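Here the structure is a predicted model, which is why all the values come from computation and not from measurement. The figures that follow rest on heavy atoms only: side chains count, while hydrogens, waters and symmetry mates do not. Along the sequence shown, residues are numbered consecutively beginning with 1.
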Amino acid sequence: MRILVLGGTTEATRLAGRLAVRGDIWACLSLAGRTREPAPQALRTRIGGFGGVPGLIDYLNDEAIDLLVDATHPFAAQISRNALQAGRAVGIPVLRYTRAPWTAVAGDRWTTVGSLEQAALAIGEAPRRVLLTVGRLGLSAFDAAPQHHYLIRTIDPPEGVTLPDHKLILERGPFETDGEIRLMQREAVDVVVTKNSGGLATYGKIAAARSLGLPVILVEPPQDGNLPVFHDLDLLMGAVDAHDAVLVAERGV
Ligand code: NAP
């Protein structure tokens with residue numbers, strides 16, 4: 001069986017590790033090429049966009065791919081839409097492997113919204129001190145709410161930030177709760193604005209806000225289309241093996 005994994009996440013890296021030791025499976029990991037120094041991977045890797053749905057269809061056909069696993073970030077909506085369309089066009093299954101979103105627990109003060117634009121509105125009229133961790137490409141949505149002080153944290157430096165009152169921290173997770181509490185106290189943060197990305201690496205700010213009684217404005221991930229979604233690697237590998245069995249039965253090999 002030949003598998004293409006769309007990656008760029010820790011989940012995809014973990015899946016690559018599992019596939020790399022399978023002598024019966026040929027697999028390739030695809031990265032968008034956004035990160036300057038991508039983490040080393042156990043699988044063969046290709047880097048860069050495919051050229052939209054037509055380019056992805058060509059790749060799937062040229063490489064005779066039997067199964068597409070979309071293990072991209074919950075907020076990488078375009079590539080997930082493309083994967084679904086291209087998989088359907090070529091007639092191969094598409095499985096989604098992604099981390100589960102966070103769910104509120106007692107003490108959380110969350111406002112959930114559907115977009116960054118709605119998040120900017122939800123901060124309110126009165127000036128507030130905002131910890132903003134939505135990724136460097138999402139910052140322009142907050143130009144609509146310039147009255148706030150923004151403490152912006154990104155991994156790579158954002159380009160052309162036009163928010164009049166902001167401070168930038170360049171840092172890569174994971175972030176522990178204690179450190180997040182200290183940051184929020186030191187910077188007198190009174191609201192956290194972030195994406196519901198799930199996973200443990202960036203959960204510290206959610207736990208910190210809860211422990212300080214601070215509100216969190218959380219952008220929910222886009223809905224996955226009508227396709228099987230796995231949050232657990234063993235269950236995903238079970239589905240991979242089931243598809244392999246179907247192919248073996250069909251091809252008699
Ligand atoms: P996106 O908006 O969904 O995709 C934009 C374009 O980037 C796609 O149309 C595709 O170009 C290319 N692309 C994206 N992922 C690719 C992959 N794995 N392999 C080859 N091409 C890919 O994606 P994004 O939000 O910019 O994210 C880019 C990558 O960073 C993703 O792989 C994602 O897993 C990772 N990431 C994203 C976030 C986030 O918050 N969005 C956070 C952490 C990591 P073509 O149309 O030319 O094929």
Side-chain angles (χ1 to χ4, degrees), residues 1-20 22 25-99 114-117 134-141 154-160 172 195 197-199 219-230 236 239-240 243-244 246-247 251:
M1 179 165 56
R2 295 173 68 86
I3 301 181
L4 176 65
V5 177
L6 301 172
T9 57
T10 46
E11 288 73 23
T13 300
R14 221 173 287 144
L15 171 59
R18 287 284 280 271
L19 292 172
R22 289 283 299 261
I25 292 176
W26 179 98
C28 176
L29 176 69
S30 175
L31 302 174
R34 301 278 194 282
T35 309
R36 287 183 189 154
E37 289 178 32
Q41 301 289 339
L43 268 187
R44 64 179 65 73
T45 303
R46 67 162 298 287
I47 296 183
F50 296 92
V53 176
L56 183 51
I57 290 175
D58 285 347
Y59 181 91
L60 296 174
N61 281 326
D62 292 348
E63 294 293 337
I65 300 296
D66 301 303
L67 177 67
L68 182 53
V69 180
D70 173 11
T72 58
H73 190 270
F75 281 88
Q78 184 63 51
I79 187 68
S80 291
R81 274 194 300 273
N82 292 2
L84 202 52
Q85 278 188 44
R88 282 193 179 138
V90 173
I92 59 167
V94 181
L95 306 179
R96 179 91 169 108
Y97 173 45
T98 182
R99 61 192 87 158
S115 67
L116 293 170
E117 289 70 21
V134 295
R136 71 191 162 100
L137 301 177
L139 298 176
S140 61
T154 57
I155 298 174
D156 292 320
E159 278 167 25
R172 183 191 291 271
K195 292 176 174 175
S197 301
V219 183
E220 289 297 329
Q223 293 299 312
D224 286 307
N226 187 18
L227 81 173
V229 178
F230 297 85
L236 173 79
V240 167
H243 185 59
D244 195 24
V246 170
L247 291 177
R251 295 170 184 171

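Between L139 and V134 there is a side-chain heavy-atom pair separated by less than 4.5 Å.
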Which atom pairs, one a donor and one an acceptor, fall under 3.5 Å between side chains of residues 38-55 and the rest of the protein, sequence neighbours left out?
| unit_1 | atom_1 | unit_2 | atom_2 | d |
| --- | --- | --- | --- | --- |
| Q41 | OE1 | T13 | OG1 | 3.4 |
| Q41 | NE2 | T13 | OG1 | 3.2 |
| Q41 | NE2 | A39 | O | 3.3 |
| R44 | NH1 | A27 | O | 2.6 |
| T45 | OG1 | L43 | O | 3.1 |
| R46 | NH1 | S30 | OG | 2.7 |
| R46 | NH1 | G48 | O | 2.8 |
| R46 | NH2 | G48 | O | 2.9 |

Distance-only check: which donor-acceptor pairs under 3.5 Å involve side-chain atoms of residues 2-9, not counting sequence neighbours?
| unit_1 | atom_1 | unit_2 | atom_2 | d |
| --- | --- | --- | --- | --- |
| R2 | NE | E63 | O | 2.7 |
| R2 | NH2 | E63 | O | 3.3 |
| R2 | NH2 | E63 | OE1 | 3.2 |
| T9 | OG1 | A12 | N | 3.0 |
| T9 | OG1 | A71 | O | 2.7 |

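Annotation: the span from F75 atom CZ to L137 atom CG amounts to 13.5 Å, rounded to 0.5 Å. Atoms CG and CD1, from L56 and I79 in turn, are 6.0 Å apart once rounded to the nearest 0.5 Å. From L67, atom CG reaches atom CG of L95 across 5.0 Å, with rounding to the nearest 0.5 Å. Taken from OG in S115 to NZ in K195, the straight-line distance is 11.5 Å, to the nearest 0.5 Å.
Among residues two or more places apart in sequence or in another chain, the ring-ring contact (aromatic ring centres under 6.0 Å, His included) test is passed with F230 by none. Contacts of D66 classified as salt bridge (Lys or Arg N to Asp or Glu O under 4.0 Å), with partners at least two apart in sequence or in another chain: R251. Shown here are the side chain to side chain contact (heavy atoms under 4.5 Å, CB included) partners of S140, two or more places apart in sequence or in another chain: D143. Checked against side chain to side chain donor-acceptor pair (under 3.5 Å), S80 has the following partners two or more places apart in sequence or in another chain: D70, T72.
Of all the heavy atoms in R172 and I155, the pair that sits closest is NH2-CG2, 3.6 Å. Between L68 and A83, the closest heavy-atom pair is CD2-O, 3.6 Å. Nearest heavy-atom pair across G87 and L60 is N-CD1, 4.3 Å. When every heavy atom of E117 is checked against every heavy atom of A141, the shortest pair comes out as OE2-CB, 3.8 Å. Considering all non-hydrogen atoms of both residues, P74 and R96 come closest at CA-NH2, 3.6 Å.
For the salt bridge (Lys or Arg N to Asp or Glu O under 4.0 Å) condition, the pairs that include at least one residue of residues 3-19, sequence neighbours left out, are E11-R99, R18-D234. The stretch residues 47-61 participates, sequence neighbours left out, in no side chain to side chain donor-acceptor pair (under 3.5 Å) pair at all. Under the side chain to side chain donor-acceptor pair (under 3.5 Å) criterion, the residue pairs touching residues 81-90 are Q78-R81, Q78-N82, with sequence neighbours excluded.
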Test M1 against V240 for side chain to side chain contact (heavy atoms under 4.5 Å, CB included), laying out the working first. CA-CA 9 Å; M1 179 165 56; V240 167; 3.5 Å; yes
